[in-house]
Amino acid sequence: MGKLSFVGMAKTGEFVRDTTYIDGRITADGRDGWPVAPGRYRLAVARGCPWANRTIIVRRLLGLDLDAPEGTPILSMGIAGPEHDWRSWTFDLDPGGVDPVLGIHYLRDAFEKAVPGYEKGVTVPAIVDIPTGAVVTSDFRHITYDMEYEW
């Protein structure tokens, strides 16, 4: 099971991003339990987050946004709205306010499937396993590294 993450404000007012994340790894050989599989995962992002923008760019540059032979993107992407509250990022840009692939309004739902009773901050980017609806990783550094070297 992965670690947890927190986002907040320091007492002096600056933004603080905890660097402890749900830290699963998606690898070519699945050695960490999560094998690369086109169409299996969904990248959850928000354009207002610089860490998420990094993953959007890397996904595009590596061609992971292109369709696999099955006709679905190798790595699909869900875009959360520009704002969030204490609960989570929301997919309020999608019709009905629900991500059309994951079927959720709050990204927190995917974090709680990975870690029941999840109490930390919900961060983007995150990669969600579509079949289980659970976050595999929310570690932006590993996400982009694994996209380049494992996918």
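Heads up: numbering here begins at 1 and tracks the sequence.
Judged purely by atom type and a 3.5 angstrom limit, S76 has no side-chain atom pairing as donor or acceptor with the backbone of P73. Side chain of R25 to main chain of D146: no donor-acceptor pair is present (N/O by atom type, distance under 3.5 Å, no hydrogens or angles). With hydrogens and angles disregarded, no donor-acceptor distance shorter than 3.5 Å links the side chain of T90 to the backbone of Y106. A donor-acceptor contact shorter than 3.5 Å is absent between the side chain of D92 and the backbone of G97. Looking only at distances, no side-chain donor or acceptor of E150 sits under 3.5 Å from a matching main-chain atom of I26. When atom types are taken as modelled, the side chain of T144 and the backbone of F140 share a donor-acceptor pair closer than 3.5 angstrom.
Contact check for I130 versus R40: no side-chain heavy atoms found under the 4.5 Å cut-off. R31 is listed as a side-chain neighbour of T27, based on a closest heavy-atom distance under 4.5 Å. W34 is listed as a side-chain neighbour of D129, based on a closest heavy-atom distance under 4.5 Å. In this structure, H105 and R87 have side chains that are not in contact, with every pair of non-hydrogen atoms separated by 4.5 Å or more. Side chains of L102 and V128 form a contact here, defined as non-hydrogen atoms less than 4.5 Å apart. Residues D65 and I74 form no side-chain contact, since every pair of their non-hydrogen atoms from C-beta on lies 4.5 Å or further apart.
Summarising the geometry of L43 relative to P125, their closest heavy-atom pair is CD1-CB, 4.0 Å, with the distance given to 0.1 Å. Listed here is the closest heavy atom pair of A46 and G81: CB-O, 4.0 Å. Here the shortest heavy-atom pairing between L93 and A80 reads CD1-O, 3.7 Å. Contact detail for I22 and F111: the closest heavy-atom pair is CD1-CD2, 3.5 Å. The two residues G78 and R42 make their nearest non-hydrogen contact at CA-NH2, 3.4 Å. Residues T72 and G39 approach most closely at OG1-CA, 4.0 Å, considering heavy atoms.
We find that R108 and E119 are not joined by a salt bridge, their nearest charged nitrogen and carboxylate oxygen being 4.0 Å or further apart.
The CD1 atom of I143 sits 12.5 Å away from the CZ atom of R59 when rounded to the nearest 0.5 Å. In this structure, CD1 on I56 lies 13.5 Å from CG on L64, to the nearest 0.5 angstrom. We find the CG-CD distance between L107 and E112 to be 10.5 Å, quoted to the nearest 0.5 Å. In this structure, D23 CG and D32 CG are separated by 9.5 Å, a value rounded to the nearest 0.5 Å.
Between W151 and Y41, the ring-plane angle classifies as perpendicular under the 30° and 60° cut-offs.
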Stepwise side-chain contact (heavy atoms from CB on, under 4.5 Å) check, F91 with I104: CA-CA 8 Å; F91 293 101; I104 58 175; 4.0 Å; yes
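Residues I79 and W51 are members of separate hydrophobic clusters, defined by side-chain heavy-atom contacts under 4.5 angstrom among Ile, Leu, Val, Met, Phe, Trp and Tyr. With hydrophobic clusters built from ILVMFWY side chains whose heavy atoms lie under 4.5 angstrom apart, V115 shares a cluster with V135. V45 and W89 are members of different hydrophobic clusters when ILVMFWY side chains are connected at heavy-atom separations under 4.5 Å. In the hydrophobic cluster analysis, where Ile, Leu, Val, Met, Phe, Trp and Tyr join through side-chain heavy atoms closer than 4.5 angstrom, M147 is grouped together with M77.
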